There are 2 protein chains.
Amino acid sequence: MGELREPLQQLAECGLPMALEAMGERWSFMILRAAFNGVRHFEEFLSEISIARNILANRLTRLTESGILHRTPCPDDRRKVEYRLTEKGLDLLPTMIALRQWGEKWGTGVLSNPVLVDDRDRQPILPVTIRSHDGRVLGYMDLCWMHSADITPISADMHDIDDRVRKLSAI
Amino acid sequence: MGELREPLQQLAECGLPMALEAMGERWSFMILRAAFNGVRHFEEFLSEISIARNILANRLTRLTESGILHRTPCPDDRRKVEYRLTEKGLDLLPTMIALRQWGEKWGTGVLSNPVLVDDRDRQPILPVTIRSHDGRVLGYMDLCWMHSADITPISADMHDIDDRVRKLSAI
DNA sequence: AGTATAAGTTTCTATTTGCAACTTAATTTT
DNA sequence: AAAATTAAGTTGCAAATAGAAACTTATACT
């Protein structure tokens with residue numbers, strides 16, 4: 001039975017503190033959600049989420065500084081500014097969906113509507129889960145910590161496994 | 001091409017605000033990480049993360065109130081109190097790992113060590129992703145919103161598909 | 001020229017954070 | 001049994017942050 005116990009001294013050395021420095025503030029995830037929903041302009045964010053003007057301005061510059069949003073003055077209307085998600089920002093989607101799904105699962109029984117679906121077959125997406133290298137869903141007890149030096153590389157099989165995962169993903 | 005654009009009026013009706021109410025505060029994720037690493041007592045949290053005493057006390061009661069931690073006085077040493085993750089708390093693991101992986105990917109090139117592995121075969125876990133009902137990895141552009149009423153149930157096939165996913169997960 | 005809009009700033013107040021010292025109850029040590 | 005230590009908090013106070021409302025600046029429309 002795996003024990004998920006990270007060496008305590010190294011607790012500070014994972015990516016979480018860095019992630020929280022960028023995303024840990026009160027409104028960051030709400031701003032991000034709006035951005036994912038196509039919101040791009042200051043006044044649009046403002047009317048979308050109930051945030052104070054100055055705080056929004058502050059958060060937008062901070063998210064821009066940390067490379068999550070990209071800020072461009074609009075060429076067609078030079079009063080306007082466009083905030084767009086960068087690749088780094090787009091990469092937060094799994095985190096956001098996972099958090100949202102958790103909120104939906106444990107929230108006050110609010111049947112969430114509308115629902116996120118795969119555009120291809122219009123079926124709801126799966127709950128976000130943790131998976132082993134070969135795609136098995138893993139729970140808390142299936143995980144443990146290892147030093148990367150001690151991991152047996154499966155490079156020979158790698159292509160093979162990638163292929164199997166791809167096949168799996170293409171059902 | 002799918003457009004991930006949620007009806008704006010309904011932005012407030014997803015699980016995210018609720019999730020953020022419980023987990024959106026400054027130290028909540030760090031406390032959670034410690035809890036996942038087996039930390040259970042007040043003084044242990046205190047020496048693990050650089051948080052002030054009163055703030056920790058406040059966060060622990062709040063996380064307890066929102067059902068993420070469970071608080072029990074220790075029977076063997078009645079000075080001590082045990083904080084343990086509830087099922088609701090354990091269910092935040094995918095969110096936390098996703099956020100952590102993002103931090104590792106986009107952080108300052110810190111080769112994170114140790115690494116999370118599947119206890120069964122000692123191989124690193126996959127990046128947390130969004131998947132379609134049949135297990136395909138989906139990106140931002142593959143998603144769209146639908147009213148649950150408009151979704152064609154696949155209950156007839158359901159067992160079949162579940163089966164295929166299970167097979168996929170068992171490679 | 002006059003009004004409206006977009007994206008901020010500024011000012012001022014209220015809340016939250018964080019440090020340091022204090023408390024209370026239960027254990028260990030001497 | 002008395003004294004010291006430990007665990008889990010509280011309290012008081014200074015500093016930082018959040019938030020509401022009014023103000024600014026540059027553009028654009030009429």
Side-chain angles (χ1 to χ4, degrees), chain A residues 8 12 16-17 20-35 37-66 68-86 89, chain B residues 8 12 16-17 20-35 37-66 68-86 89:
Chain A
L8 292 187
L16 204 62
L20 290 171
E21 210 165 307
M23 289 301 302
E25 277 163 315
R26 226 185 180 67
W27 290 103
S28 306
F29 269 102
M30 292 298 275
I31 292 171
L32 201 75
R33 180 182 66 160
N37 280 292
V39 170
R40 283 183 192 163
H41 304 289
F42 190 93
E43 307 285 337
E44 217 178 337
F45 280 106
L46 207 55
S47 64
E48 206 48 57
I49 52 194
S50 60
I51 187 175
R53 233 154 211 292
N54 52 347
I55 307 297
L56 177 61
N58 185 286
R59 287 306 107 87
L60 286 176
T61 54
R62 219 180 284 211
L63 288 171
T64 301
E65 279 166 4
S66 57
I68 290 166
L69 296 176
H70 181 73
R71 182 187 182 281
T72 338
C74 284
D76 53 309
D77 183 343
R78 289 174 49 231
R79 291 171 302 180
K80 287 191 183 173
V81 166
E82 233 190 37
Y83 290 97
R84 269 171 181 280
L85 287 162
T86 60
Chain B
L8 291 188
L16 205 62
L20 289 171
E21 211 166 305
M23 289 300 301
E25 277 163 316
R26 226 184 183 67
W27 291 103
S28 304
F29 269 102
M30 293 296 279
I31 291 171
L32 202 74
R33 179 181 67 159
N37 280 292
V39 170
R40 282 181 192 163
H41 304 288
F42 190 91
E43 307 284 336
E44 216 179 338
F45 280 105
L46 206 56
S47 64
E48 206 48 56
I49 53 193
S50 59
I51 189 176
R53 228 151 219 293
N54 54 342
I55 307 298
L56 177 62
N58 184 286
R59 289 305 108 84
L60 286 175
T61 55
R62 219 179 284 210
L63 288 171
T64 301
E65 277 166 6
S66 56
I68 290 166
L69 296 177
H70 180 73
R71 183 187 183 284
T72 339
C74 284
D76 52 309
D77 182 343
R78 288 170 53 229
R79 290 170 303 179
K80 286 191 186 174
V81 167
E82 234 190 33
Y83 290 97
R84 271 170 180 281
L85 287 162
T86 61

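First the proteins, then the strands, lettered A, B, ... as listed; each starts at 1. Please read these numbers as outputs of a predicted model, since none were measured by experiment.
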Restricting both atoms to N or O, compile the protein contacts to nucleotides 24-28 of chain D shorter than 3.5 Å, with distance only.
unit_1, atom_1, unit_2, atom_2, d
D:dT27, OP1, A:Arg78, NH2, 3.1
D:dA28, OP1, A:Arg78, N, 2.8

List every contact pair, protein side and nucleotides 15-17 of chain D side both N or O, where the distance is under 3.5 Å.
none

Which atoms of nucleotides 22-24 of chain C (N or O only) lie under 3.5 Å from a protein N or O atom, and what are those distances?
none

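With sequence neighbours left out, the side-chain contact (heavy atoms from CB on, under 4.5 Å) criterion links B:Thr86 to B:His70, B:Lys88. In this structure, the side-chain hydrogen bond (donor to acceptor under 3.5 Å, both in side chains) partners of B:Asp77, at least two apart in sequence or on a different chain, are B:Arg79. Not counting sequence neighbours, the partners of A:Arg84 by the salt bridge (charged side-chain N to carboxylate O under 4.0 Å, His left out) test are A:Glu82. With sequence neighbours left out, the side-chain contact (heavy atoms from CB on, under 4.5 Å) criterion links B:Ser47 to no other residue. Under the rule for a salt bridge (charged side-chain N to carboxylate O under 4.0 Å, His left out), A:Arg26 has no partner lying at least two apart in sequence or in another chain. Scored by the salt bridge (charged side-chain N to carboxylate O under 4.0 Å, His left out) test, A:Arg40 finds no partners at all (sequence neighbours excluded). Qualifying side-chain contact (heavy atoms from CB on, under 4.5 Å) partners for B:Ala57, counting only residues two or more places apart in sequence or in other chains: B:Phe42.
Side-chain atoms of B:Pro17 and A:Phe29, non-hydrogen and from C-beta on, never get closer than 4.5 Å to each other. Side-chain contact between A:Val39 and A:Ile49 is absent, with no heavy atoms from C-beta onward closer than 4.5 Å. Counting heavy atoms from C-beta on, the side chains of B:His41 and B:Cys74 come closer than 4.5 Å.
The distance between atom CD of B:Glu44 and atom P of D:dT6, rounded to the nearest whole Å, is 15 Å. Here C:dG8 presents its P atom at 8 Å from CG of A:Leu56, a figure rounded to the nearest Å. Atom pair A:Phe45:CZ and C:dA7:C1' shows a separation of 13 Å (rounding to whole Å applied). Residue A:Ile55 contributes atom CD1, which lies 13 Å from atom C1' of D:dA21 at whole-angstrom precision. Atom CZ in A:Arg40 sits roughly 18 Å away from atom C1' in C:dA7 (whole-Å rounding). Across the protein-nucleic acid pair, B:Asn58 atom CG and D:dT10 atom C1' stand 12 Å apart, rounded to whole Å. Summarising the geometry, the separation between CD1 on B:Ile49 and P on C:dG18 is reported as 11 Å, rounded to the nearest angstrom. Whole-Å rounding puts the A:Lys80 NZ to C:dG8 C1' distance at 16 Å.
Mapping B:Glu82 and A:Ile51 onto DNA chain D via the closest heavy atom, the residue that lands nearer the 5' end is B:Glu82. Mapping A:Val81 and A:Asn54 onto DNA chain C by nearest heavy atom places A:Val81 closer to the 5' end of the strand. Looking at which nucleotide of DNA chain D each of A:Arg62 and B:Thr61 is closest to, the 5′-most match is held by B:Thr61.
Taking only side-chain nitrogens and oxygens, B:His41 never comes nearer than 4.0 Å to OP1 or OP2 of D:dA7. For D:dA18, neither phosphate oxygen OP1 nor OP2 lies less than 4.0 angstrom from any side-chain nitrogen or oxygen of A:Trp27. At the phosphate of C:dA6, neither OP1 nor OP2 sits under 4.0 Å from any side-chain N or O atom of A:Tyr83.
In the set D:dG9, C:dT9, D:dA7, D:dG9 carries the atom at the smallest distance from any side-chain atom of B:Arg71.
The two residues A:Ile68 and A:Leu32 make their nearest non-hydrogen contact at CG2-CD1, 3.7 Å.
Applying the salt bridge (charged side-chain N to carboxylate O under 4.0 Å, His left out) test to pairs two or more places apart or on separate chains, those with a residue in residues 49-63 of chain A are A:Glu25-A:Arg59, A:Glu25-A:Arg62, A:Glu43-A:Arg53.
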